[in-house]
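Atoms considered below: every heavy atom in the structure, side chains included; atoms not considered: hydrogens, waters and symmetry mates.
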Amino acid sequence: MEKRRTVVVSALQFACTDDVSTNVATAERLVRAAHKQGANIILIQELFEGYYFCQAQREDYIQRAKPHKDHPTILRMQKLAKELGVVIPVSFFEEANNAHYNSVAIIDADGSDLGIYRKSHIPDGPGYEEKFYFNPGDTGFKVFQTKFAKIGVAICWDQWFPEAARAMVLQGAEILFYPTAIGTEPHDANIDSRDHWKRVMQGHAGANLVPLVASNRIGKEIIETEHGKSEITFYGNSFIAGPTGEIVSIADDKEEKVLIAQFDLDKIKSTRHSWGVFRDRRPDLYKVLLTLDGTNPVR
């Protein structure tokens, strides 16, 4: 009898300092902890090398970007992935000649770099002023064949768009991963998006019948901006959802955490295929999705 394909996934959650070496050491410590608990694919949060600098529009922060090739944190995670035999998506601020991207490199279990995805949807609001730093991603939505599963990885604001999740699953993604940095809104303390944030991604998991892993940071970060100090308290709530959108593991809003969950990919595939949502799709009726206003196709 053919062996069933099972995979153990993990989401990490921790507070960042603004020191790269400290944060990378924390990430490595938690990756090792996840590996000890049997994890095969381990997700680290978005832009974990430092504070979430997009609270401010500052020229000096652009200097934090580094090219993908020979990026020191990616190289370190390649070595770690090979040592432990795990897959690690690595979020980083990418410099590509005169362009800059919010990117993630996918490191396979043998330490090889399978390539990058560049964040497609770039937010621009108080405290989340990413358009100052990042070009819109040009990779399109991608899937990566790793040792343990074919995975789709998108980044933070991408997680609010059902089109992104569906595009990755249409290409064969068996699990979706979203490294994230989200918390309070500096302009309005009454806004708490954590439940909305979770429900949207639970919907992606359920609509596509795939597990989903979201990793978010915790802690209060204060950034000096051009208008004075800006403060975000990141609300964590990192979670792993199953293929009907059910939450199978979740962190709180304050504690460092290593989340673990195991999935039978063959069983999930059988359910996904028999449920019929991919059989009964009507791409011929979805041309309106290629418009901004519901009428005129984007060219």
Does a side-chain heavy-atom distance below 4.5 Å link Thr225 with Gln57? no
Looking only at the side chains, is there a donor atom on one of Tyr117 and Asn102 sitting less than 3.5 Å from an acceptor on the other? no
Salt bridge present between Arg194 and Asp253 (N-O < 4.0 angstrom): yes
So that I can tick it off, tell me whether Glu83 and Lys79 are bridged by a salt bridge, with the cut-off set at under 4.0 angstrom between side-chain N and carboxylate O. no
Check ion pair Arg58-Glu226 (N to O, under 4.0 angstrom): no
Can you classify the ring geometry of Phe161 versus His121 as parallel (below 30°), tilted (30 to 60°) or perpendicular (above 60°)? parallel
On a heavy-atom basis, which atom in Val258 and which in Ser10 lie closest, and how many Å separate them? CG1-OG, 3.6 Å
Apply salt bridge (charged side-chain N to carboxylate O under 4.0 Å, His left out) to residues Arg4 and Asp264 and explain how you reach the verdict. CA-CA 7 Å; Arg4 299 189 72 86; Asp264 182 332; 2.8 Å; yes
Mind checking salt bridge (charged side-chain N to carboxylate O under 4.0 Å, His left out) for Arg199 and listing every partner two or more places apart, or none if nothing turns up? none
Does the side chain of Tyr235 reach to within under 4.5 Å of the side chain of Trp197, using non-hydrogen atoms? yes
What one should report as the nearest heavy-atom pair of Val143 and Ala173 is CG1-CB, 3.6 Å
So do the side chains of Ile240 and Val9 get within less than 4.5 Å of each other, counting heavy atoms only? yes
Candidate list Gln13, Glu256, His35, test side chain to side chain contact (heavy atoms under 4.5 Å, CB included), partner Leu30, passing option: Glu256
Taking the side chain as every heavy atom from C-beta outward, state whether Pro179 and Leu43 have any pair of such atoms under 4.5 Å apart. yes
Under 4.0 Å between a Lys/Arg side-chain N and an Asp/Glu carboxylate O for Asp18 and Arg64? yes
Under 3.5 Å, is there a donor on one side chain and an acceptor on the other for Thr17 and Tyr51? no
Please say whether the positively charged group of Arg281, taken as NZ for Lys or CZ for Arg, lies over the ring of Phe278, i.e. under 6.0 angstrom from the six-membered ring centre and within 45 degrees of the axis. no
How about Asp252 and Glu255: do any of their side-chain heavy atoms sit closer than 4.5 Å? yes
Hey, would you say the Phe53 and Tyr133 ring centroids sit under 6.0 Å apart? yes
Hey, what's the ring geometry for Tyr178 with His204, parallel, tilted or perpendicular (30° and 60° as the breaks)? tilted
Kindly compute the distance separating CZ (Phe239) from CD (Gln202), expressed to the nearest 0.5 Å. 5.5 Å
Once salt bridge (charged side-chain N to carboxylate O under 4.0 Å, His left out) is applied, do any residues pair with Asp108, and if so which ones, sequence neighbours excluded? none
Heavy atoms of other groups near His196 NE2, more than 12 under 6.0 Å: no
Are Leu114 and Val153 in one and the same hydrophobic cluster, where Ile, Leu, Val, Met, Phe, Trp and Tyr link if side-chain heavy atoms are under 4.5 Å apart? yes
Over all atoms of both residues, closest heavy-atom pair of Arg118 and Thr139: N-OG1, 3.2 Å
Do Trp157 and Tyr128 pass the ring pair (Phe, Tyr, Trp, His ring centres under 6.0 Å) test, and can you show the C-alpha distance, the side-chain angles, and the key distance before you say yes or no? CA-CA 10 Å; Trp157 191 226; Tyr128 300 89; 9.0 Å; no
With sequence neighbours left out, the residues meeting ring-ring contact (aromatic ring centres under 6.0 Å, His included) with Phe134 are Phe93
Do you know the tightest heavy-atom contact between Ile106 and Pro89? CD1-CB, 3.9 Å
Applying side-chain contact (heavy atoms from CB on, under 4.5 Å) to Phe48 and Phe14, what does each step give before you reach the verdict? CA-CA 9 Å; Phe48 65 91; Phe14 59 92; 4.0 Å; yes
When you check the gap from the basic side-chain N to the acidic O, do Arg5 and Glu174 get nearer than 4.0 Å? yes
Taking atom types as modelled, find out whether Arg166 and Asn208 have a side-chain donor-acceptor pair closer than 3.5 angstrom. yes
If the threshold is 4.0 Å, N to carboxylate O, is there a salt bridge linking Asp266 and Lys269? no
Just wondering, more than 12 heavy atoms not from Lys142 lying within 6.0 Å of its NZ? yes
Nearest atoms (heavy-atom pairs only) where Cys16 meets Gly50: CB-O, 3.7 Å
Side-chain heavy atoms of Lys66 within contact of Pro72, under 4.5 Å: yes
Report whether Val31 and Ile151 are members of the same hydrophobic cluster (ILVMFWY, side-chain heavy atoms less than 4.5 Å apart, transitive linking). no
Using the side chain to side chain contact (heavy atoms under 4.5 Å, CB included) definition, which of the options Val213, Leu12, Asn216 pairs with Ser238? Asn216
Parallel, tilted or perpendicular: which one describes the rings of Phe234 and Tyr52, with boundaries at 30° and 60°? perpendicular
So CD1 of Ile182 and CD of Gln45: to nearest 0.5 Å the spacing works out to 13.5 Å
When rounded to the nearest 0.5 angstrom, what distance separates CD1 in Ile107 from CZ in Arg76? 14.0 Å
Please tell me whether Glu185 and Asn190 have a donor and an acceptor in their side chains that are separated by less than 3.5 angstrom. no
Approximate separation, where rounding is to 0.5 Å, of Thr6 OG1 and Leu265 CG: 7.5 Å
For side-chain contact (heavy atoms from CB on, under 4.5 Å), just list the numbers for Thr244 and Leu209, CA-CA rounded to whole Å, side-chain angles, deciding distance to a tenth of an Å, and then say yes or no. CA-CA 6 Å; Thr244 66; Leu209 286 92; 5.9 Å; no
Quick check: do Val87 and Phe148 have side-chain heavy atoms less than 4.5 Å from each other? yes
Name the residue from Lys119, His100, Glu94 that meets the side chain to side chain contact (heavy atoms under 4.5 Å, CB included) definition with Asn135. His100
What is the distance from atom NE2 of His71 to atom CG of Asp113, rounded to the nearest 0.5 Å? 11.5 Å
How close do Ser112 and Asp110 get, heavy atom to heavy atom, and via which atoms? OG-OD1, 2.6 Å
Out of curiosity, Ile44 CD1 to Glu49 CD, how far, rounded to the nearest 0.5 Å? 10.0 Å
With clusters defined by side-chain heavy atoms of hydrophobic residues (ILVMFWY) lying less than 4.5 Å apart, directly or transitively, does Val277 cluster with Ile175? yes
When you compare the side chain of Gln262 with that of Val7, does any pair of heavy atoms fall below 4.5 Å? no
